[in-house]
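The structure under discussion appears below in the form of structure tokens.
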Amino acid sequence: MLPSTTLRPRVCAAHRALRLGPARAGLLAVLGFLGPLLWLPPLGTAPSPGSAAVWADDGGGDSGGDDGGGDDGGSASDAGGSGSAADGGGSGADPAPAWGWFAAAQRADEHLPHELLALNPSSAALAYARLQTGVEVLETRNLRGLGLQVVRLRLHGVAARATLERLRTFDPSTFHLQHLYALAQTPAAAAATDGPRSEPISPSKQAIGWPAASAACGRRQVLGIVDTEVQLSHPALRGAQIRSQRQLTPEQTAVADDHGTAIAALLVGQPAGGYTGLMPRARLLAAAPFYRLPSGQTRADALGLALSLDWLVGQGAQVIGMSLAGPRNAVLDAALERARARGVVVVAAAGNGGRAAAPAFPAAHPSALAVTALTPAQAVYRRASQGEHIRFALPGADLPTLGRDGALQRRSGTSFAVPFMVALVSQSLHERQLSAAQWFSGQGMALQDLGAPGRDPVFGWGLPRLTPRCR
């Protein structure tokens, strides 16, 4: 006979089930039996105190960090992403911790637990939301450059997913989660380079047919990036034409991170500063939507990304680079589609979830050019995400980049392939060598096919090569 302490919860559960109806009787009886024997943390809770700042449902692969690691310096889920140019895969995956699958499932749909977004809402939809769920309107943002309106809603005492399901019974297309997007960092190593100090990325330039001495590239062109804040006082960026703007709410705290500075230097680094970028003469607009969560993690949310795209499009950016990855979101989808309709080309990093990861966004959206990263030997970066949405492969692994202190650091990630794609697209559009339609179709350009013949899920169409005049 079972001890009375074990029997009592089962009996109580049965009595409650009788009162609540036969449909729930079986479930409650099972829970009453298993309750003393099994406990799992609720989905969305973090493994350490004070870190339950986000919520995640519906697992399905790591769509978090773009650079292959977590904010704490740990590596991302590799999922077998190691490989060579020949086979696009192979061994070498780091063993996953016992709960690694659970952490990946959490990141796959990471969102703020007490916020929702309403995209172009009607007054009736907002009135219903207030009356039926008690949501509070925090702010209304009119994205005039993209022709969108987004309302940010605060929830009180209920989870975002449950509230969303209730609201969608009234209006299935207006309300959405406030998804989060990560820009993780890999451990950096000191970089030793051959040749002049001002040309550390010369081999990568040569790989795409770019002139090693690119001091004149970028004239009369406007580029945009969505990244962490750029250190405008960095010696390598002195003299560059850069305008930066935070895309944060008053309660969000900006982060001090050198990723945005490294991406900016790859694009517009100045020869006099010891690091000649791809397009030193271009004008760079840098939107910074990343902020620090209470858990200490660095994230950007869907509204911040949409606001960034709206500002960049409104300021005249012709090509925009997004070195980040996360879930699909209707607000971000709408912003990408409006940007594309206005003739703007968005380049996005494929993500570093490995070859088994679900497609990461914005790269997987049809309105973006998804790029993956190559090693100096032209093998695919071992953690790069793969899929039918990959369009091109550019240098991005073991790349000499700039740190905050000015020292060169070798870093890897699909995010570092983004500025090479941005430069190729922008310069070719400016010189009328190629059109935006050709970049989206992969037609009419010189390509080095690196994988299976034609377009494949590892390298896309391959490595584009362009010899710009830069006059």
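Values in this document were obtained by computation on a predicted structure and should not be read as measured data. What's counted below: heavy atoms across the whole structure, side chains too, no hydrogens, waters or symmetry copies.
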- Task: Could you check Phe420 against Val371 for side-chain contact (heavy atoms from CB on, under 4.5 Å), going step by step and ending with a plain yes or no?
- Result: CA-CA 10 Å; Phe420 287 90; Val371 296; over 6 Å; no
So, do [X] and [Y] sit near enough that their side-chain heavy atoms are less than 4.5 Å apart?
| X | Y | value |
| --- | --- | --- |
| Val346 | Ser367 | no |
| Gln231 | Asp258 | no |
| Phe392 | Met421 | yes |
| Leu293 | Leu112 | yes |
| Leu153 | Thr163 | no |
| Ile242 | Val268 | yes |
| Thr276 | Ser214 | yes |
| Leu305 | Val226 | yes |

Could you tell me which non-hydrogen atom of [X] sits nearest to which non-hydrogen atom of [Y], and how far apart they are?
| X | Y | answer |
| --- | --- | --- |
| Leu146 | Ala306 | CD1-O, 4.0 Å |
| Ser385 | Gly353 | OG-N, 2.9 Å |
| Val331 | Ala302 | CG1-O, 4.5 Å |
| Val458 | Ile390 | O-CG2, 4.0 Å |
| Val418 | Ala348 | CG2-C, 4.0 Å |
| Leu155 | Ala160 | CD2-CA, 3.5 Å |

- Task: Start with the C-alpha gap between Phe416 and Thr401, add the side-chain angles, then the distance that decides, and say whether side-chain contact (heavy atoms from CB on, under 4.5 Å) holds.
- Result: CA-CA 9 Å; Phe416 296 108; Thr401 64; 4.0 Å; yes
Please check this pair: side chain of [X] against backbone of [Y], looking for a donor-acceptor N/O pair closer than 3.5 Å.
| X | Y | answer |
| --- | --- | --- |
| Gln270 | Pro280 | yes |
| Arg391 | Ala368 | yes |
| Asn329 | Leu177 | yes |
| Glu165 | Ala162 | no |
| Asp398 | Thr375 | no |
| His111 | Asp109 | yes |
| His176 | Ser173 | yes |
| Thr174 | Ala118 | no |
| Arg292 | Gly296 | yes |
| Thr414 | Thr372 | no |

How far does [atom1] of [X] sit from [atom2] of [Y], to the nearest 0.5 angstrom?
| X | Y | atom1 | atom2 | answer |
| --- | --- | --- | --- | --- |
| Ile208 | Leu424 | CD1 | CG | 4.0 Å |
| Leu284 | Ile225 | CG | CD1 | 5.0 Å |
| Leu143 | Ser308 | CG | OG | 9.5 Å |
| Leu463 | Leu394 | CG | CG | 6.5 Å |
| His389 | His365 | NE2 | NE2 | 12.5 Å |
| Leu309 | Leu336 | CG | CG | 6.0 Å |

- Message: Can you tell me which residue among Thr140, Asn120, Asn142 is in a side-chain hydrogen bond (donor to acceptor under 3.5 Å, both in side chains) with Gln149?
- Response: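 One option only clears the test, and that one is Asn142.
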- Above 12 or not: heavy atoms from other molecules or residues under 6.0 Å from CZ of Arg342?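 Yes, enclosed.
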- Message: Check this for me: Arg340, atom CZ, are more than 12 non-hydrogen atoms of other residues, nucleotides or ligands nearer than 6.0 Å?
- Response: yes
- Name all residues meeting the side-chain contact (heavy atoms from CB on, under 4.5 Å) criterion together with Thr249; count only those two or more places apart in sequence or in a different chain, and write none if there are none.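 With neighbours one apart ignored, the set is Glu139, Arg152, Glu251, Gln252.
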- Please lay out, stage by stage, how Tyr275 and Leu237 fare under the test side-chain contact (heavy atoms from CB on, under 4.5 Å). CA-CA 9 Å; Tyr275 192 96; Leu237 297 176; over 6 Å; no
- Message: Regarding Arg238 and Ser233, do their side chains bring together a donor and an acceptor under 3.5 Å, going by distance alone?
- Response: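 The answer is no; no qualifying pair exists.
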- Message: Testing the 3.5 Å rule here: is there a donor-acceptor pair between the side chains of Asp227 and His259?
- Response: yes
- For Trp210, ring pair (Phe, Tyr, Trp, His ring centres under 6.0 Å) partners two or more places apart: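 By the ring pair (Phe, Tyr, Trp, His ring centres under 6.0 Å) rule, Trp210 matches no residue at all.
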- Task: Start with the C-alpha gap between Glu115 and Leu138, add the side-chain angles, then the distance that decides, and say whether side-chain contact (heavy atoms from CB on, under 4.5 Å) holds.
- Result: CA-CA 9 Å; Glu115 284 193 19; Leu138 289 178; 4.2 Å; yes
